[in-house]
Participant: 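Encoded as structure tokens, here's the structure I'll be asking about.
Counting convention: from 1, in listed order, for ligands and their atoms alike.
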Amino acid sequence: MSIDCIVAGAGIWGCTVARRLAESGRRVLVLEKRPVVGGNVRCEIDEETGIEIHSYGSHIFHTHIPEVWEFVNRFIKFNGYQHKVLANYEGRIYYLPLGLALINKFFGVELKPGEVADFMADEAHSKAIFDAFFRGYTSKQWGKPPEEIDDSIIKRVPVRSNYDVNYFNDYNQGIPLTGYNSLFERLLDHPNIEVRCNAAVELDGATLKLSGEALPAVPTYYSGPIDALFGYRFGHLPWRTLRFETEKLDVKDYQGTSVVNYTEASVPYTRIHEFKHYHPEDAAVMNSPKTIIMREYSATWRPGDEPYYPVDNTESRELLAKYQAEAAKVPNLTVGGRLGGYKYYDMDKSIESALNLAL
Ligand code: UDP
């Protein structure tokens with residue numbers, strides 16, 4: 001087909017952009033460098049147990065943005081899963097986020113909601129909590145002490161003075177009943193969309209190329225890492241990468257919940273995911289005599305690693321601005337998404353940014 005637009009990178013941002021373009025009558029060519037679409041939300045189904053493995057770490061869809069919720073619900077239905085995260089500190093299990101369940105168990109007290117603020121205003125209490133649940137985890141996750149990372153990162157975790165142990169404040173939450181991969185299949189299932197995988201786009205001067213051939217000079221939406229697009233010419237942006245160790249175990253239920261964070265610095269991994277718990281509605285999966293767990297380790301990104309988290313600091317902002325200035329010089333190019341925009345987007349924020357693009 002002749003094409004009007006190109007979307008390079010078929011993650012959640014790219015697929016949303018492609019869908020919008022297609023619905024507005026444009027013919028879109030989607031180019032994905034991996035053999036499959038879905039970016040880092042891609043899952044794999046274990047044939048033996050039917051368990052949906054989040055290959056790049058747990059993804060829980062949650063949003064308070066009505067337009068985003070409405071948009072995704074056009075394509076998939078959610079199972080109503082509400083995310084809870086437990087913390088293992090010195091072998092004891094606590095409910096995150098920071099609220100009455102955690103505080104009362106940690107200090108062996110029975111505070112009422114109205115007493116939490118005063119109790120936590122005592123520096124010894126807040127320091128003890130911070131050191132137990134945030135210091136070690138944050139230094140493993142970001143490779144530096146919490147004092148050296150931007151406040152906004154730790155503030156992602158809610159603070160409450162009640163027993164609500166929902167990890168997110170968003171009412172709209174869940175896991176796609178038909179699995180995450182079906183979201184991408186359905187977003188891209190449109191007569192105006194053609195998808196090519198194993199198709200890595202490169203930039204040569206100001207020309208976008210595929211396998212050495214210049215691509216048509218049409219509006220192009222790129223969502224790979226912005227520094228990679230320019231061959232790291234100003235140096236690479238600081239990213240955090242992840243390493244996963246996946247294991248199938250001959251037990252029905254390993255940890256009794258989907259995510260347990262290991263908050264001490266001395267435990268090398270940050271968390272253990274147990275994927276069957278994301279589909280409590282699926283009796284066959286839940287009753288399987290086996291389970292699949294994944295230990296997650298965080299590390300400094302090096303060339304060749306997958307980038308996962310942008311590291312926001314003064315130097316990275318300056319470097320990002322340089323790459324953005326270069327991107328602005330490439331005709332027809334828009335760069336976005338978590339890797340393109342170098343933003344710590346959750347899935348809903350990535351969709352929101354794609355919905356808000358003037359196309
Ligand atoms: N965090 C922490 N202890 C925890 C959970 C989170 O110190 O048990 C801090 C840590 O710095 C982390 C940030 O809060 O990077 C945000 O946590 P979130 O669960 O939102 O991280 P994500 O799931 O996006 O990796």
Participant: Can you tell me the protein heavy atom closest to atom 16 (C) of ligand 1 and the distance?
Facilitator: Ile153 O, 3.4 Å
Participant: Using a strict 4.0 Å threshold on nitrogen-to-oxygen distance, state whether Glu318 and Lys322 make a salt bridge.
Facilitator: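 Answer for the salt bridge query: no.
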Participant: Counting only heavy atoms closer than 4.0 Å, does ligand 1 sit against the backbone of Val85, its side chain, both, or neither?
Facilitator: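 The answer is neither; Val85 stays 4.0 Å or more away.
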Participant: So which protein heavy atom does atom 3 (N) of ligand 1 come closest to, and at what separation?
Facilitator: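 Protein heavy atom at minimum distance: Phe133 O, 2.8 Å.
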Participant: Which of these, Tyr345, Tyr89, Tyr167, Phe168, has its nearest heavy atom closest to atom 18 (P) of ligand 1?
Facilitator: Tyr167
Participant: Please walk me through it: do Thr334 and Leu357 pass side chain to side chain contact (heavy atoms under 4.5 Å, CB included)?
Facilitator: CA-CA 9 Å; Thr334 304; Leu357 269 187; 4.1 Å; yes
Participant: Thinking salt bridges, do Glu194 and Arg27 make one under a 4.0 Å N-O criterion?
Facilitator: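 A salt bridge is absent here (no side-chain N lies under 4.0 Å from a carboxylate O).
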Participant: Show your reasoning for whether side chain to side chain contact (heavy atoms under 4.5 Å, CB included) applies to Ile272 and Tyr254.
Facilitator: CA-CA 10 Å; Ile272 299 183; Tyr254 173 72; 4.3 Å; yes
Participant: Check ligand 1 against Tyr309 and write out every atom of the ligand that is under 4.0 Å from a heavy-atom position of the residue.
Facilitator: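 Listed by number with element: 22 (P), 24 (O), 25 (O).
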Participant: Give me the residue, atom name and distance of the protein heavy atom closest to atom 15 (O) of ligand 1.
Facilitator: Trp142 NE1, 2.8 Å
Participant: Could you point out which residue of Arg156, Arg338, Lys349 forms a side chain to side chain donor-acceptor pair (under 3.5 Å) with Tyr344?
Facilitator: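 The passing option is Arg156.
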Participant: I'd like to know if the side chain of His273 and the backbone of Phe275 have a donor-acceptor N/O pair within less than 3.5 Å.
Facilitator: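 Such a contact is absent between His273 side chain and Phe275 backbone.
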Participant: With heavy-atom distances below 4.0 Å as the criterion, list the atoms of ligand 1 near Thr263.
Facilitator: 8 (O)
Participant: Give me the residue, atom name and distance of the protein heavy atom closest to atom 21 (O) of ligand 1.
Facilitator: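 The answer is Tyr344 OH, 3.2 Å.
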Participant: Looking only at protein heavy atoms, which one is nearest to atom 11 (O) of ligand 1, and how far off is it?
Facilitator: Thr138 OG1, 2.8 Å
Participant: Show the numbers, then the answer: is there a side chain to side chain contact (heavy atoms under 4.5 Å, CB included) between Ile175 and Glu52?
Facilitator: CA-CA 10 Å; Ile175 305 289; Glu52 182 184 35; 3.9 Å; yes
Participant: For ligand 1, which atoms, with element, lie under 4.0 Å from some heavy atom of Leu96?
Facilitator: 8 (O)
Participant: Among protein heavy atoms, which sits nearest to atom 20 (O) of ligand 1, and what does the distance come to when rounded to 0.1 Å?
Facilitator: Arg156 NE, 2.8 Å
Participant: What atoms in ligand 1 come closer than 4.0 Å to a heavy atom of Gln141?
Facilitator: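 Selected atoms, number and element: 15 (O).
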Participant: Any N or O on Phe134 sitting closer than 3.5 Å to an N or O of ligand 1?
Facilitator: yes
Participant: Would you say Tyr180 has more than 12 foreign heavy atoms packed within less than 6.0 Å of its OH?
Facilitator: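 Yes, because the 6.0 Å sphere around OH of Tyr180 holds more than 12 heavy atoms from other groups.
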Participant: Aromatic ring centroids of Tyr81 and His83 under 6.0 Å?
Facilitator: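 Yes, the ring of Tyr81 comes within the 6.0 Å limit of the ring of His83, centre to centre.
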Participant: Please write down residue, atom name and distance for the protein heavy atom closest to atom 1 (N) of ligand 1.
Facilitator: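 Here the closest protein heavy atom is Tyr137 CD2, 3.6 Å.
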Participant: Give the atoms of ligand 1, by number and element, whose distance to some non-hydrogen atom of Asn261 is under 4.0 Å.
Facilitator: 4 (C), 5 (C), 8 (O)
Participant: To check your reading of the model: name the closest protein heavy atom to atom 14 (O) of ligand 1, its residue, and the distance in Å.
Facilitator: Val157 CG2, 3.5 Å
Participant: Give a yes or no on whether Arg196 atom CZ has more than 12 heavy-atom contacts from other residues, nucleotides or ligands under 6.0 Å away.
Facilitator: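 Not more than 12 within 6.0 Å, no.
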Participant: Looking at Glu202 and Lys209, does any basic side-chain N land under 4.0 Å from a carboxylate oxygen?
Facilitator: no
Participant: When you measure from the heavy atoms of Arg271 to every atom of ligand 1, does any distance fall below 4.0 Å?
Facilitator: yes
